[in-house]
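Report on one structure; see the data block that follows.
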2 protein chains.
Amino acid sequence: MARKRTLDSAAVVRAAAEIADADGLDLLTLARVAERLDVRVPSLYNHVDGLTGLRRDLALAGVRASTDAIRRATVGVSGDAALLALCRAYRSFARAHPGQYAASVRAPGPGDAALEEASEELIGVVLAILAPYQLDATAATHAIRGLRSIIHGFVSLEMAGGFGLPLAIDESFEQLVATFIAGLGRAR
Amino acid sequence: MARKRTLDSAAVVRAAAEIADADGLDLLTLARVAERLDVRVPSLYNHVDGLTGLRRDLALAGVRASTDAIRRATVGVSGDAALLALCRAYRSFARAHPGQYAASVRAPGPGDAALEEASEELIGVVLAILAPYQLDATAATHAIRGLRSIIHGFVSLEMAGGFGLPLAIDESFEQLVATFIAGLGRAR
DNA sequence: AGTTATAAGCTAATACTATTAGTTTGTCAA
DNA sequence: TTGACAAACTAATAGTATTAGCTTATAACT
């Protein structure tokens, strides 16, 4: 009974995102996804390449969603204001979707065309925002690495509770970003 | 046969560190630890509070070891040079002991006296190095958070292969740290 | 509309995990 | 030497992912 076709890949990833965002990536399990979708565990394998594949799909969704969020937040602004908006938008996304964020961070690097393309697109958005600073290629590479480092570092420490008291955390973030932006201006 | 007492807590954590550093924290399993120590899995429970407890012990060892590494690297230096040495030492430690580093990052926050004490000690070392900058209390808090963010962000992205080509990664790190230090001077 | 091929979802089985309970036995101290 | 303690064990349970193979709903095609 009840063997109607209800699943598809998108629904599985969506359910996984909800679980990971609510309870953490570590508690994302095929059993929980199946339960949420009211389906048996092996059925998931028709739409997803095991737990590893599900995590990859989640990472891909996370990269794309964060790219969209950054785009939305920076449309119509430029310069320092755009860079600041980018940082805030990325942090907001990570706080709103910690599971997808975590998945996108510990995603496997090379050999995945779609994931690499999505990452390239995100980097392209950031590069566009950095354009007014007129950095040469190597300086832009350093800048992007630095930017990713400070945002990712801050956000992941914040999400891990690594800052102890939540006192003035927003202010710490603003200062850190401001310092980085000032350093960029200095390098121009 | 062979029921001699061979284990103790330190030996278990040491074996766990070797596994986690070699193959990654995700592949640290009680079964592998037991196999390496030539012991049955349940025997580990006499020395360690399950897998969760083992990860915690590993985190504690990681925090203490990184504190030591920073101390060794900064003895006899001060000012910008000490701050730079701190950053380099922390990055070196993470690269040399990725498993312990990862464990120390995703350690559970509050309610663990020993872990909190070790973290406080590490923060104390950093505060001492920041002393010459004469920051007031809130500025020092922001500075420490920023410093941890950039180092942790850079190192974890680097270890995850997040920078793609390994081109000039050292240079990216040096620039990032230099930018931060310059920003600190500006705030003085 | 009827037939058929495909594939979705299922059951069953396997092989890993971690964890707890309870037993045996080596070790150390009285 | 003896006795208590604790370490390491066996056995059992429950949870995980994964693969194989069966049923049957769905969709395409005559």
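So that the names make sense, note that chain A is the first sequence line, chain B the second, and so on, each numbered from 1.
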For this session: Only pairs at least two apart or in different chains count here, so list each side chain to side chain donor-acceptor pair (under 3.5 Å) that has a residue in residues 62-84 of chain A.
Result: A:Arg71-A:Glu121, A:Asp80-A:Tyr133
For this session: Output yes when B:Glu158 and B:Arg95 qualify as a salt bridge under the 4.0 Å nitrogen-oxygen rule, no when they do not.
Result: yes
For this session: Tell me, please, which residues at least two apart from B:Arg36 pass side chain to side chain donor-acceptor pair (under 3.5 Å).
Result: B:Glu18
Exercise. Got a salt bridge between A:Asp23 and A:Arg32, using NZ or NE/NH1/NH2 to carboxylate O under 4.0 Å?
Worked result: yes
Exercise. Which ones in residues 12-21 of chain A lie close to DNA chain D, meaning a heavy atom under 4.0 Å from one of its atoms?
Worked result: none
Exercise. Is a side-chain donor or acceptor of B:Asp21 paired with a backbone partner of B:Gln100 at a separation under 3.5 angstrom?
Worked result: yes
Problem set entry | side chain to side chain donor-acceptor pair (under 3.5 Å) partners for B:Arg14, two or more places apart | none
For this session: Taking only heavy atoms on the protein side, list every residue of residues 34-57 of chain A lying under 4.0 Å from any atom of DNA chain D, sorted numerically.
Result: A:Val41, A:Pro42, A:Tyr45, A:Gly50, A:Leu51
Exercise. Is it true that a side-chain atom of B:Ser43 and a backbone atom of B:Val39 form a donor plus acceptor pair closer than 3.5 Å?
Worked result: no
For this session: For A:Phe154, check ring pair (Phe, Tyr, Trp, His ring centres under 6.0 Å) against everything at least two apart and list the hits.
Result: A:Phe163, A:Phe173
Exercise. Which residues, if any, of residues 24-33 of chain A bring a heavy atom under 4.0 Å of DNA chain C?
Worked result: none
Seminar exercise, completed: With B for base contact, S for sugar-phosphate-only contact and - for none (protein heavy atoms under 4.0 Å), nucleotides 25-30 of chain C reads SBS---
Exercise. Tell me, which pairs form a ring-ring contact (aromatic ring centres under 6.0 Å, His included) where one or both residues lie in residues 33-63 of chain B, sequence neighbours left out?
Worked result: none
Problem set entry | Results of side chain to side chain donor-acceptor pair (under 3.5 Å) for A:Thr138 - residues two or more places apart only | A:Asp136
Seminar exercise, completed: Applying salt bridge (charged side-chain N to carboxylate O under 4.0 Å, His left out) to B:Glu120 and not counting sequence neighbours gives none
For this session: State which residues pass ring pair (Phe, Tyr, Trp, His ring centres under 6.0 Å) with A:His97; sequence neighbours excluded, sorted by chain then number.
Result: A:Phe93
